[in-house]
There are 2 protein chains.
Amino acid sequence: MDTSYYHNFVTLVNTGNMTRAANRLHLTQPALSKQLRYLEAEFGTPLLHIRRGQRGSSFQLTEAGHIFYEKAKQLCAIEIAAYSDIEGLVHNAII
Amino acid sequence: MDTSYYHNFVTLVNTGNMTRAANRLHLTQPALSKQLRYLEAEFGTPLLHIRRGQRGSSFQLTEAGHIFYEKAKQLCAIEIAAYSDIEGLVHNAII
DNA sequence: TAACTTTACGAAGATCGTAACAATA
DNA sequence: TATTGTTACGATCTTCGTAAAGTTA
């Protein structure tokens, strides 16, 4: 599992719309949609209930989706901390 | 970055030897070696100092390596929790 | 029917394993 | 020189984007 999938899911939930999320992530909708379907297959359960219509679309997090969303945020935070902590170390060493 | 890279780095450090770690992970040494080099390139600094010789090899974690090791363990723990929490949810729903 | 998601499929890129090479106590 | 790690390179697999089809208020 690529960590970008966690990050992209968080962005998707925060954005509330797959098309706009894909634009923000510099991805196409099909790519992001496939990532979501991959996650749901990997975890064995739906994460979102998506409703489409003429006036736009919306979705609700399933119970599993809520859990995954929280875990994904934690995982992304740790990865970001890894980068920044190590970068801070390297930077200080140079000075 | 695939989360398996974090997991494999943790196993590498815990094993203390690239060949044995690769065997445990059902990977070849070259594949694991490339993963380490990828991580070092990605984070911009060496993570291990490896010493080779006739009687085997050993390595020391660099300072950045120590930080990465701790973060990698945390990240893996969160991913494992995501799987188990969601699986527990699905399992309970079935009952 | 408008707005959006999903599926199909070909192409580009990533990553593995095998084999050969390099390094060091 | 024995025991590792590293490079080179071809093959396989993955995942993206484009285009077409499907879905629903």
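Please read all numbers here as calculations on a predicted model, not as lab measurements. Throughout, protein chains are lettered first and strands after them, A, B, ... in sequence-line order, and every chain is numbered starting at 1.
Using modelled atom types and a 3.5 Å distance limit, the side chains of A:D2 and A:Y38 yield no donor-acceptor pair. Looking at B:E42 and B:Y5, their side chains never bring a donor and an acceptor atom within 3.5 Å of each other.
Contact between the side-chain N/O atoms of A:R37 and the OP1/OP2 oxygens of C:dT7 is found at a separation under 4.0 Å. Within the 4.0 Å cut-off from OP1 or OP2 of C:dT6, at least one side-chain nitrogen or oxygen of A:S33 is found.
Contacts between residues 2-18 of chain A and DNA chain D, counted as heavy-atom distances below 4.0 Å, involve A:Y5.
When the P atom of C:dT6 is taken as reference, atom NE2 of A:H49 falls 13 Å away, rounded to whole Å. Spacing between atom CD of B:E42 and atom P of C:dT15 amounts to 11 Å, rounded to whole angstrom units. We find that CZ of B:F59 is positioned 16 Å from P of C:dA25, with the value rounded to whole Å. Rounded to a whole Å, the CD1 atom of B:I50 is 18 Å from the P atom of C:dA22. Rounded to a whole Å, the CD atom of A:Q29 is 7 Å from the C1' atom of C:dC4.
Along DNA chain D, read 5' to 3', the first and last nucleotides having any atom under 4.0 Å from a heavy atom of chain A are D:dT15 to D:dA25.
Under the 4.5 Å side-chain criterion, counting only non-hydrogen atoms from C-beta, A:T3 is not in contact with A:C76. Considering only heavy atoms from C-beta on, B:L36 comes within 4.5 Å of B:M18 through its side chain. You'll find the side chain of B:I86 stays beyond 4.5 Å of the side chain of A:K71, heavy atoms only. Counting heavy atoms from C-beta on, the side chains of B:L48 and B:T62 never come closer than 4.5 Å.
Residue A:T28 is in base contact, counting any heavy-atom pair closer than 4.0 Å across all strands shown.
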Evaluate B:L75 against A:Y6 for side-chain contact (heavy atoms from CB on, under 4.5 Å), listing each step before the verdict. CA-CA 12 Å; B:L75 191 143; A:Y6 290 93; over 6 Å; no
CA sep, side-chain torsions, deciding dist, call: B:L32, B:K34, side-chain contact (heavy atoms from CB on, under 4.5 Å): CA-CA 5 Å; B:L32 185 57; B:K34 270 193 115 175; over 6 Å; no
One pair to check against salt bridge (charged side-chain N to carboxylate O under 4.0 Å, His left out): B:K73 and B:E70. What are the steps and the verdict? CA-CA 5 Å; B:K73 283 193 293 187; B:E70 293 302 319; 3.5 Å; yes
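Here the side chain of A:K34 is nearest to one of C:dC16, C:dC9, C:dC4, namely C:dC9. Listed candidates were C:dC16, C:dC4, C:dT24. Nearest to the side chain of A:R52 is C:dC4.
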